[in-house]
Amino acid sequence: MHYWLLKTEPSELSIDTLAERGDAGACWEGVRNYQARNMLRDQVQLGDKVFIYHSSCAQIGIAGIARVIRSAYPDPSQFDKHSIYFDAASTLEKPRWISVDVCHERTFAEIVSLQALKANPALSDLAVVKKGSRLSVSPVAADEWKAVLKMAGK
DNA sequence: GCCAACGTTGGC
DNA sequence: GCCAACGTTGGC
């Protein structure tokens with residue numbers, strides 16, 4: 001099992017919205033970066049745990065935990081002409097973009113802020129604390145996972 | 001709204 | 001294949 005960090009703008013899909021979906025979970029769609037796509041396709045596995053990170057918002061940071069309930073499959077939004085994620089160059093036979101499904105596991109009592117993440121020396125390698133990091137999917141080491149849980153309390 | 005960092009595009 | 005121009009991301 002591996003750990004990941006998934007970025008989302010809460011106005012698009014927040015940890016609260018994810019919680020409302022319950023066991024059905026949500027499709028993690030709209031990843032349009034090849035490096036992130038490759039990780040979704042090749043490495044993210046059923047049962048993996050992910051941190052849900054809120055970006056571009058009032059409270060930036062890790063908001064909670066979700067679990068992968070369906071591994072790599074073609075991102076439906078690439079075929080949807082009405083979606084902002086529509087990609088005319090992608091075909092059913094050769095889909096270009098990949099989704100996974102995740103379901104909510106836990107919302108932290110308080111968001112573990114980016115500031116706090118940056119202040120923790122144990123997390124200096126976390127992609128999200130690095131300047132210019134734009135990957136929407138990034139790996140989290142087991143000890144980093146534990147360190148964040150500790151910061152979240154309990 | 002600003003701007004640094006990064007990714008993609010396209011002319012050559 | 002190089003690289004300048006452009007677009008996007010995302011923290012501040």
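Model, not experiment: these values are computed from the prediction.
An angle of 10°, rounded to 10°, separates the two end axes of the helix from B/dG1-C/dC12 to B/dC12-C/dG1, each defined over five pairs.
Here A/Thr8 pairs with nothing under the side-chain hydrogen bond (donor to acceptor under 3.5 Å, both in side chains) rule; sequence neighbours left out. Listed by chain and residue number, nothing satisfies the salt bridge (charged side-chain N to carboxylate O under 4.0 Å, His left out) test with A/Glu20 (two or more places apart in sequence, or in another chain). In this structure A/Arg70 satisfies the salt bridge (charged side-chain N to carboxylate O under 4.0 Å, His left out) test with no other residue, sequence neighbours excluded.
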Which pairs would a plain distance check flag for residues 85-104 of chain A, meaning a side-chain donor or acceptor within less than 3.5 Å of a matching protein atom at least two apart in sequence or in another chain?
| from | atom 1 | to | atom 2 | distance (Å) |
| --- | --- | --- | --- | --- |
| A/Asp87 | OD1 | A/Ala89 | N | 2.9 |
| A/Asp87 | OD2 | A/Arg96 | NH1 | 3.3 |
| A/Asp87 | OD2 | A/Trp97 | NE1 | 2.8 |
| A/Ser90 | OG | A/Gln78 | OE1 | 2.6 |
| A/Ser90 | OG | A/Arg96 | N | 2.9 |
| A/Thr91 | OG1 | A/Lys94 | N | 2.9 |
| A/Ser99 | OG | A/Trp28 | O | 3.1 |
| A/Ser99 | OG | A/Asp75 | OD1 | 3.4 |
| A/Asp101 | OD1 | A/Tyr73 | OH | 2.4 |
| A/His104 | NE2 | A/Thr107 | N | 3.4 |
| A/His104 | NE2 | A/Thr107 | OG1 | 2.7 |

For residues 126-146 of chain A, which side-chain N or O atoms pair as donor and acceptor with protein atoms under 3.5 Å away, sequence neighbours left out?
| from | atom 1 | to | atom 2 | distance (Å) |
| --- | --- | --- | --- | --- |
| A/Ser133 | OG | A/Ala127 | O | 3.0 |
| A/Glu144 | OE1 | A/Ala141 | N | 2.7 |

Side-chain donor/acceptor pairs under 3.5 Å, residues 45-54 of chain A, sequence neighbours excluded:
| from | atom 1 | to | atom 2 | distance (Å) |
| --- | --- | --- | --- | --- |
| A/Asp48 | OD1 | A/His2 | N | 2.9 |
| A/Asp48 | OD2 | A/Trp4 | NE1 | 2.9 |
| A/Asp48 | OD2 | A/Gln45 | N | 2.9 |
| A/Lys49 | NZ | A/Glu105 | OE1 | 2.9 |
| A/Lys49 | NZ | A/Glu105 | OE2 | 3.2 |
| A/His54 | NE2 | A/Ile15 | N | 3.1 |

Check residues 109-125 of chain A and write down every donor-acceptor pair under 3.5 Å in which the side-chain atom is one partner and the other belongs to a residue at least two apart or another chain.
| from | atom 1 | to | atom 2 | distance (Å) |
| --- | --- | --- | --- | --- |
| A/Ser113 | OG | A/Ala116 | N | 3.0 |
| A/Asn120 | OD1 | A/Ala122 | N | 2.9 |
| A/Ser124 | OG | A/Pro121 | O | 3.3 |

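Between the OH atom of A/Tyr85 and the C1' atom of C/dT8 there is a distance of 13 Å, given to the nearest Å. Computed from coordinates, the A/Gln35 CD to C/dT9 C1' distance equals 14 Å when rounded to whole Å. Between A/Asn33 atom CG and B/dT9 atom P the separation is 12 Å, expressed in whole Å. Per the geometry, OH belonging to A/Tyr34 stands 15 Å off C1' belonging to C/dT8, to the nearest Å.
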Restricting both atoms to N or O, compile the protein contacts to nucleotides 10-12 of chain C shorter than 3.5 Å, with distance only.
| from | atom 1 | to | atom 2 | distance (Å) |
| --- | --- | --- | --- | --- |
| C/dG10 | OP1 | A/Lys7 | NZ | 2.8 |
| C/dG10 | OP1 | A/Arg134 | O | 3.4 |
| C/dG11 | OP1 | A/Tyr53 | OH | 2.8 |
| C/dG11 | OP2 | A/Ser56 | N | 3.0 |
| C/dC12 | OP1 | A/Lys118 | NZ | 3.0 |

Evaluation steps, side-chain contact (heavy atoms from CB on, under 4.5 Å), between A/Lys7 and A/Leu5:
CA-CA 7 Å; A/Lys7 270 190 211 172; A/Leu5 183 147; 4.2 Å; yes
